[in-house]
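Let me begin by presenting the structure, written as structure tokens, before commenting on it.
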Amino acid sequence: MSAAQTPGMHRVVVVGNGIAGQTACDSLRTAGFDGELTVVGDEPVPAYSRPALSKALLTDGGSHELAAPAHGATELLGVAAVGLGVAARTVRLDDGRDLPFDGLVIATGTRARRLGQDALVLRTLDDALLLRDRLAARPSVAVVGAGPLGMEVASAAVQAGCEVTVVADTAPMRPQFGGYLSEVFTTAATAAGVKIVYGTAAGVDAGAVTLDDGTRVTAELVVAAIGDIPNVEWLQDSGLLTDGRLVADTRGRVAPGIVAAGDVAHLPVRGIVRRIPLWNSAIEQARVAAVALLRGDDAPEFDADPYFWTEQFGLHLKAIGHLPVDGDPTFLAGEDPHGPALLHWRHPDGAGVAVAINHRIPIPRLRRAAATGQLPGTVTTSG
Ligand SMILES: Cc1cc2nc3c(=O)[nH]c(=O)nc-3n(C[C@H](O)[C@H](O)[C@H](O)COP(=O)(O)OP(=O)(O)OC[C@H]3O[C@@H](n4cnc5c(N)ncnc54)[C@H](O)[C@@H]3O)c2cc1C
């Protein structure tokens, strides 16, 4: 499809230069959009792999770079969108310019929730480089928050030779993974020397985290990994927010000619309107939203089972399907959940979840395993 085949769609502006924004640009071109494409990003650097920030980049300096874009968009980097005129069809930039558009993709992601000035966070490349520098001095570290991000940071800090305490308000990653996998990863973390202190952090001052029962966890470096906040402030006066949330339909549409994708967007998933703040979900959402911008109801809906991975404490987990999962799994391969193993759960509604731990099963096969509950074909395993 060319721009001429999409009536009135000559200029598309993409706000947010993360993976959702970049994928939207690629997908618009793949779908035949040959009009004017502009991507606006407030970070002054080209898009990069955010997941790498808490993995390769922190541990061995591995690459966070993405392949150079081929979509030919005009990239306005180091520039923030500060307002949206829905009726006027313009995006207001912080340098005073108004960018006109016929179609708009909102992909502004999220930022880290902070816990005072004395705790580092990890969301951006700058955050990661600062954290890596600080870890190099091998300080004692307290990580507040025991979700996947907090536990990856704890793992990297252990690898850097630091003494690490995790402040957890519930069992590590239990809300995200469910009890079984939480226990597998908690065992690995404690075996690696991580101390877990249960409680809720009330504040951080130089040298300690104070819990709400008054306990103080002393540490030379505190990292807060306590969630993220969608970047929607620039949409405040747009009329697009519902109770402060940007809610899209199953094709990413939020208003005529306006779509949203990635961490910033709420959308209906299995009957619940929520965000899926995962890398591959951002990619899938952006693909769907870009096509919906051009083709409306003829675009496919977003229905992909999410793919998620994490690397920590010697465990490399890949999961297809909706986590968390309840109860014990069926082992499709292996016997020890610390791997190599391939585990399967089935939700009460019939949806399958397959999890590979230190297992080299390719993603398409893992996807089939999730759906069928069987090990598809022959696979090679590795420790
Ligand atoms: C350290 C870390 C590790 C992770 N690891 C994993 C993992 O292992 N597996 C996994 O599935 N997911 C992981 N994630 C989540 C994954 O990275 C995100 O789901 C994904 O990056 C979301 O992409 P996005 O494009 O929607 O948002 P973002 O990556 O947040 O990109 C949005 C961009 O928009 C910019 N922006 C914001 N406001 C404005 C504005 N007003 N004007 C212009 N630009 C703006 C932001 O600065 C940012 O550059 C991780 C996240 C982090 C932080």
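Fair warning: this is a prediction, and the values are worked out from it, not measured in the lab. Start at 1 and go down the list; that is how both ligands and their atoms are numbered.
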Any idea which protein heavy atom is nearest [atom], and the distance to it?
atom                    : result
atom 49 (O) of ligand 1 : E43 OE2, 2.6 Å
atom 4 (C) of ligand 1  : P51 CA, 3.5 Å
atom 29 (O) of ligand 1 : R50 NE, 2.6 Å
atom 1 (C) of ligand 1  : L149 CD1, 3.4 Å
atom 26 (O) of ligand 1 : D263 N, 2.9 Å
atom 41 (N) of ligand 1 : A81 O, 2.9 Å
atom 27 (O) of ligand 1 : G109 CA, 3.4 Å

Mark up the atoms of ligand 1 that fall under 4.0 Å of a heavy atom belonging to [X], in ascending order.
X    : value
S54  : 1 (C), 2 (C), 3 (C)
G18  : 25 (O), 31 (O), 33 (C)
N17  : 33 (C), 34 (O)
T108 : 32 (C), 34 (O), 36 (N), 37 (C), 38 (N), 39 (C), 40 (C), 45 (C)
G262 : 26 (O)
G16  : 34 (O)
P277 : 15 (C), 19 (O)
F308 : 9 (N), 10 (C), 11 (O)

Are R367 and Y307 close enough, and set up right, to give a side chain to side chain contact (heavy atoms under 4.5 Å, CB included), and what steps lead you there? CA-CA 9 Å; R367 204 170 275 288; Y307 167 62; 4.2 Å; yes
Smallest separation among heavy atoms of A47 and Q22, with atom names: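 Minimum heavy-atom separation between A47 and Q22: CB-CG, 3.6 Å.
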Please report the closest heavy-atom contact between V86 and R89, naming both atoms and the distance. O-CD, 3.1 Å
Which is closest to [atom] by heavy-atom distance: [options]?
atom                    : options                : value
atom 43 (C) of ligand 1 : T310, D42, I19         : D42
atom 53 (C) of ligand 1 : L317, L122, N280, V264 : L122
atom 30 (O) of ligand 1 : R123, H64, Q22         : R123

Does any donor atom in the side chain of D98 or T90 lie under 3.5 Å from an acceptor atom in the other side chain?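 Judged by distance alone, the side chains do not pair up.
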The test is side-chain hydrogen bond (donor to acceptor under 3.5 Å, both in side chains); show your working for H338 and D336 and say whether it passes. CA-CA 5 Å; H338 295 90; D336 179 351; 3.1 Å; yes
Give the contacting part of [X] toward ligand 1: side chain, backbone, both or neither, where contact means a heavy-atom distance below 4.0 Å.
X    : result
V79  : backbone
A107 : backbone
W234 : side chain
A20  : both
L278 : both
V15  : side chain
D228 : neither
K55  : side chain

In plain terms, say whether [X] and [Y] are close enough for a salt bridge, that is, a side-chain N and a carboxylate O under 4.0 Å apart.
X    : Y    : result
D237 : R92  : no
D95  : R97  : yes
R111 : D127 : no
D297 : R253 : yes
D263 : R123 : yes

Report yes if some heavy atom in the side chain of [X] is under 4.5 Å from a heavy atom in the side chain of [Y]; otherwise report no.
X    : Y    : result
V355 : F177 : no
L53  : L131 : no
D126 : V45  : no
V13  : R11  : no

Any donor-acceptor pair under 3.5 Å from H266 side chain to A248 backbone: no
So, regarding W279 and ligand 1 (criterion: nitrogen or oxygen to nitrogen or oxygen, under 3.5 Å), is there a contact or not? yes
Step by step, would you call V288 with E301 a side chain to side chain contact (heavy atoms under 4.5 Å, CB included)? CA-CA 7 Å; V288 166; E301 292 179 291; 5.9 Å; no
